[in-house]
Student: 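Have a look at this one.
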Amino acid sequence: MGSRASTLLREEEIEEIKKETGFSHSQITRLYSRFTSLDKGENGTLSREDFQRIPELAINPLGDRIINAFFPEGEDQVNFRGFMRTLAHFRPIEDNEKNKDHTASEPLNSRTNKLLFAFRLYDLDRDDKISRDELLQVLRMMVGVNISDEQLGSIADRTIQEADTNGDNSISFNEFIKVLEKVDVEQKMSIRFLH
């Protein structure tokens with residue numbers, strides 16, 4: 001099975017994915033092996049159903065939102081490259097990356113891109129702002145029936161009141177960044193991938 005994964009992934013594809021995502025050669029081949037094991041249709045793409053078979057996502061209250069992040073709008077399949085691009089948001093920032101040339105495009109695992117990924121989990125209608133209703137929906141997903149609607153409404157109202165600096169009763173991406181400026185996004189949004 002491990003040989004199947006490496007034979008279907010060409011060396012030049014691995015190099016391109018390394019440049020684009022920052023993953024090492026061995027991480028890419030390991031993740032390709034995982035990708036092919038999830039690919040029940042054996043067609044080189046993953047469907048939402050393939051992701052739903054991952055136990056950690058199945059039990060995560062935001063599992064559906066995370067799964068949706070893998071799929072470009074209007075698409076119902078994701079190829080390996082798209083899969084890797086999304087996973088790259090969760091790759092820890094290595095010490096040697098912190099002082100890199102900032103004229104190049106920002107890496108997928110930068111603080112800004114990690115925050116944008118998180119922001120999009122809340123921005124359900126993709127209008128580039130988080131409304132009270134969207135915040136309520138996500139809070140409801142996270143806490144289930146453990147908190148009353150009145151309490152959730154109060155949390156949503158306070159959150160928007162604290163974050164909304166321009167008075168439009170929603171949270172823009174810039175306001176989202178400002179609220180989270182003291183949060184260690186690197187630690188909270190990183191997965192240690194094997195080397």
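Here the structure is a predicted model, which is why all the values come from computation and not from measurement.
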Student: Hey, does the side chain of Asn109 reach the backbone of Ala88 with a donor-acceptor pair shorter than 3.5 angstrom?
Tutor: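 The answer is no, because no donor-acceptor pair under 3.5 Å joins these two groups.
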Student: Could you check whether any side-chain heavy atom of Phe23 comes within less than 4.5 Å of a side-chain heavy atom of Leu31, counting everything from C-beta outward?
Tutor: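 Side chain of Phe23 against side chain of Leu31, heavy atoms only: contact under 4.5 Å found.
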Student: Does Leu108 belong to the same Ile/Leu/Val/Met/Phe/Trp/Tyr cluster as Phe117, with side-chain heavy atoms less than 4.5 Å apart forming each link?
Tutor: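 Leu108 and Phe117: separate clusters.
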Student: Tell me the closest heavy-atom pair linking Glu134 and Lys129, and the distance in Å.
Tutor: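 Looks like OE1-O, 2.9 Å.
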Student: Are Asp157 and Arg132 close enough that some pair of their side-chain heavy atoms sits under 4.5 Å apart?
Tutor: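 A side-chain contact under 4.5 Å exists here.
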Student: Tell me if the CZ atom of Phe173 is crowded by more than 12 foreign heavy atoms within 6.0 Å.
Tutor: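 Result for CZ/Phe173: enclosed.
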Student: Indicate yes or no: at least one non-hydrogen side-chain atom of Met142 is less than 4.5 angstrom from one of Leu152.
Tutor: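 Side chain of Met142 against side chain of Leu152, heavy atoms only: no contact under 4.5 Å found.
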Student: Could you report the tightest heavy-atom contact between Ala118 and Tyr122, atom names first, then the distance?
Tutor: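 Heavy-atom minimum between the residues: O-CD1, 3.3 Å.
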Student: Is the ring pair Tyr32/Phe80 parallel, tilted or perpendicular, if the boundaries are 30 and 60 degrees?
Tutor: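 The rings of Tyr32 and Phe80 stand perpendicular, inter-plane angle above 60°.
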Student: Does either side chain, that of Glu150 or that of Ser148, offer a donor lying less than 3.5 Å from an acceptor on the other one?
Tutor: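 Side chains of Glu150 and Ser148: no pair found under 3.5 Å.
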Student: Atom OG of Ser131 and atom CD1 of Ile160: how far apart are they, to the nearest 0.5 Å?
Tutor: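 Between atom OG of Ser131 and atom CD1 of Ile160 there are 6.5 Å.
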Student: What heavy-atom pair brings Asn113 and His89 nearest, and what distance separates the two atoms?
Tutor: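 Distance-wise, the nearest heavy atoms are O-CD2, 3.5 Å.
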Student: Work out which heavy atom in Ser170 is nearest to a heavy atom in Asp164; give both atom names and the distance.
Tutor: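 Answer, listing the atom of Ser170 first, then Asp164: O-OD1, 3.3 Å.
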Student: Flag yes if Leu180 and Leu139 sit in one hydrophobic cluster, no otherwise; membership is Ile, Leu, Val, Met, Phe, Trp, Tyr, and two members link when side-chain heavy atoms are under 4.5 Å apart.
Tutor: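 Per the 4.5 Å side-chain linkage, Leu180 and Leu139 are co-clustered.
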Student: Between Arg81 and Glu16 (salt bridge meaning N to carboxylate O under 4.0 Å), is one present in this structure?
Tutor: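 Yes, Arg81 and Glu16 are salt-bridged.
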Student: Regarding Lys178 and Glu181, does a basic nitrogen lie under 4.0 Å from an acidic carboxylate oxygen?
Tutor: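 Between Glu181 and Lys178 there is a salt bridge, with a charged N closer than 4.0 Å to a carboxylate O.
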Student: Angle class for the Phe83/Phe51 ring planes (parallel below 30°, perpendicular above 60°, tilted otherwise)?
Tutor: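 It falls in the tilted class, 30° to 60°.
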Student: I would like to know whether Thr21 and Leu87 meet side chain to side chain contact (heavy atoms under 4.5 Å, CB included); could you show each step before the answer?
Tutor: CA-CA 8 Å; Thr21 65; Leu87 285 181; over 6 Å; no
Student: Do Lys18 and Glu15 sit within salt-bridge range, that is, some charged N less than 4.0 Å from a carboxylate O?
Tutor: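 Counted as a salt bridge, because a side-chain N and a carboxylate O are separated by less than 4.0 Å.
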Student: Is Glu12 atom CD crowded by more than 12 heavy atoms from other residues, nucleotides or ligands, each under 6.0 Å away?
Tutor: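 Yes, enclosed.
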Student: Over all heavy atoms of both residues, which pair between Leu115 and Phe176 is shortest? Give the atoms and the distance, please.
Tutor: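 Minimum heavy-atom separation between Leu115 and Phe176: O-CE2, 3.5 Å.
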Student: Ignoring hydrogens and angles, tell me if any N or O in the side chain of Glu162 forms a donor-acceptor pair with the backbone of Val179 under 3.5 Å.
Tutor: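 No, Glu162 side chain to Val179 backbone: no donor-acceptor pair under 3.5 Å.
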Student: Do side-chain atoms of Arg65 reach the backbone of Leu121 as a donor and acceptor pair under 3.5 angstrom?
Tutor: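 A pair under 3.5 Å: yes.
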Student: Side chains of Asn174 and Thr165, heavy atoms from C-beta outward: is any pair under 4.5 Å?
Tutor: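 They are not in contact (no side-chain heavy atoms under 4.5 Å apart), so the answer is no.
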Student: Considering only NZ, NE, NH1 and NH2 on the basic side and carboxylate oxygens on the acidic side, decide whether Arg140 and Asp149 come within less than 4.0 Å.
Tutor: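 Yes, this pair counts.
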Student: Quick one: do the Asn43 and Thr45 side chains pair a donor with an acceptor below 3.5 Å?
Tutor: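 The answer is yes; a qualifying pair exists.
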Student: Got a salt bridge between Arg48 and Asp76, using NZ or NE/NH1/NH2 to carboxylate O under 4.0 Å?
Tutor: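 No, this pair does not count.
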